[in-house]
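Below you'll find the structure, written out as structure tokens, and then a few comments.
Treat the numbers as computed from the prediction; the structure is a model and nothing was measured. Values below: every heavy atom of this structure, side chains too, minus hydrogens, waters and symmetry copies.
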Amino acid sequence: MARRYWLMKSEPGTYSIEDLEEDGETHWDGVRNYQARNLMRDDMQVGDGVLFYHSNADPPGVAGVAKVVSKPYPDPTQFDPKSKYHDPKADPAEPRWWLVDIAFEERFGNVVALPELKDDTRFDDMMVTQRGSRLSVQPVAKKHFDAVVKLGRKRR
DNA sequence: GCCAACGTTGGC
DNA sequence: GCCAACGTTGGC
């Protein structure tokens with residue numbers, strides 16, 4: 001199976017690319033959206049590329065690159081009453097929420113800002129540039145992944 | 001199964 | 001802080 005590419009959103013105030021750089025890797029817990037869950041659970045594989053996106057940031061945009069380093073497994077926070085991600089309806093026999101681990105790969109010298117992506121016609125058909133695109137885990141085409149990485153590495 | 005009410009996301 | 005877009009919940 002060929003390598004796939006993803007974009008994963010995080011608010012830098014909660015967890016930033018700097019945090020990931022420091023930690024080396026992290027559990028992508030707390031996803032509570034079924035579409036995002038399905039993508040992680042059903043379609044992610046070890047080695048996949050991840051654009052790490054800062055949402056609710058100034059400016060919002062892709063801050064760096066990570067990669068998937070685990071198979072999907074049940075998000076333990078759903079069963080933890082003390083967690084803010086606790087889901088009282090989650091059943092350990094049939095977990096509702098899944099996650100993967102991701103590892104730091106690189107931090108861009110400059111964030112590839114959302115307005116830049118919107119201004120560049122190459123990204124017209126990228127999910128994150130669409131109006132009202134709230135999904136926190138999105139599939140990304142290889143051409144978009146490669147072009148964003150190129151922009152992120154470019155010195156400006 | 002419809003849909004109004006409500007909650008959340010996230011750009012601006 | 002506003003609010004449009006969207007997802008979820010729950011009454012019926």
Side-chain angles (χ1 to χ4, degrees), chain A residues 4-23 26-44 48-68 72-102 104-141 143-145 147-152 154 156:
Chain A
R4 291 177 176 163
Y5 301 91
W6 309 96
L7 178 146
M8 294 168 89
K9 295 182 185 175
S10 182
E11 301 195 14
T14 304
Y15 197 83
S16 68
I17 189 76
E18 288 81 8
D19 293 326
L20 182 61
E21 182 170 21
E22 205 177 304
D23 294 345
T26 194
H27 319 295
W28 204 254
D29 57 17
V31 171
R32 294 294 180 267
N33 170 281
Y34 288 104
Q35 244 183 302
R37 190 264 331 247
N38 291 345
L39 291 171
M40 286 202 292
R41 187 190 61 185
D42 303 336
D43 296 327
M44 281 196 182
D48 284 358
V50 175
L51 297 176
F52 195 105
Y53 182 90
H54 281 174
S55 59
N56 263 315
D58 187 19
V62 180
V65 178
K67 70 176 174 188
V68 176
Y73 60 97
D75 181 343
T77 63
Q78 68 191 305
F79 307 122
D80 179 0
K82 293 193 296 292
S83 170
K84 67 171 172 171
Y85 300 124
H86 179 235
D87 182 348
K89 293 189 211 155
D91 173 6
E94 204 174 333
R96 177 182 293 199
W97 305 112
W98 294 67
L99 54 68
V100 296
D101 293 347
I102 65 167
F104 177 81
E105 288 230 303
E106 70 177 280
R107 179 154 63 94
F108 291 155
N110 292 291
V111 170
V112 182
L114 182 61
E116 272 180 77
L117 295 175
K118 285 187 169 170
D119 283 347
D120 189 328
T121 55
R122 287 179 297 162
F123 301 112
D124 283 356
D125 56 343
M126 189 177 183
M127 191 182 286
V128 77
T129 63
Q130 310 306 308
R131 179 177 166 81
S133 169
R134 300 194 315 172
L135 196 58
S136 66
V137 175
Q138 306 182 354
V140 172
K143 62 172 180 174
H144 290 145
F145 184 91
V148 168
V149 169
K150 211 166 186 177
L151 287 175
K154 196 176 354 184
R156 271 166 287 174

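Using a 4.0 Å cutoff to heavy atoms of chain A, the contacted part of DNA chain C runs 5' to 3' from C:dA4 to C:dT8.
If you check every strand for non-hydrogen atoms under 4.0 Å, A:Gln35 touches sugar and phosphate atoms only.
Residues passing the side-chain hydrogen bond (donor to acceptor under 3.5 Å, both in side chains) test with A:Asp80, sequence neighbours excluded: none. Residues satisfying the side-chain hydrogen bond (donor to acceptor under 3.5 Å, both in side chains) criterion with A:Lys143, sequence neighbours excluded, are A:Asp125.
Using the six-membered ring where Trp is involved, A:Phe145 and A:Tyr5 have ring planes that are tilted, between 30° and 60° apart. In this structure, A:Trp28 and A:Phe52 have perpendicular ring planes: the angle between them is above 60°, well past the 30° mark.
A side-chain donor from one of A:Arg32 and A:Thr77 sits under 3.5 Å from a side-chain acceptor of the other.
Position along DNA chain C of the nearest nucleotide to A:Asn33 versus A:Asn56 favours A:Asn56 as the more 5'-ward residue.
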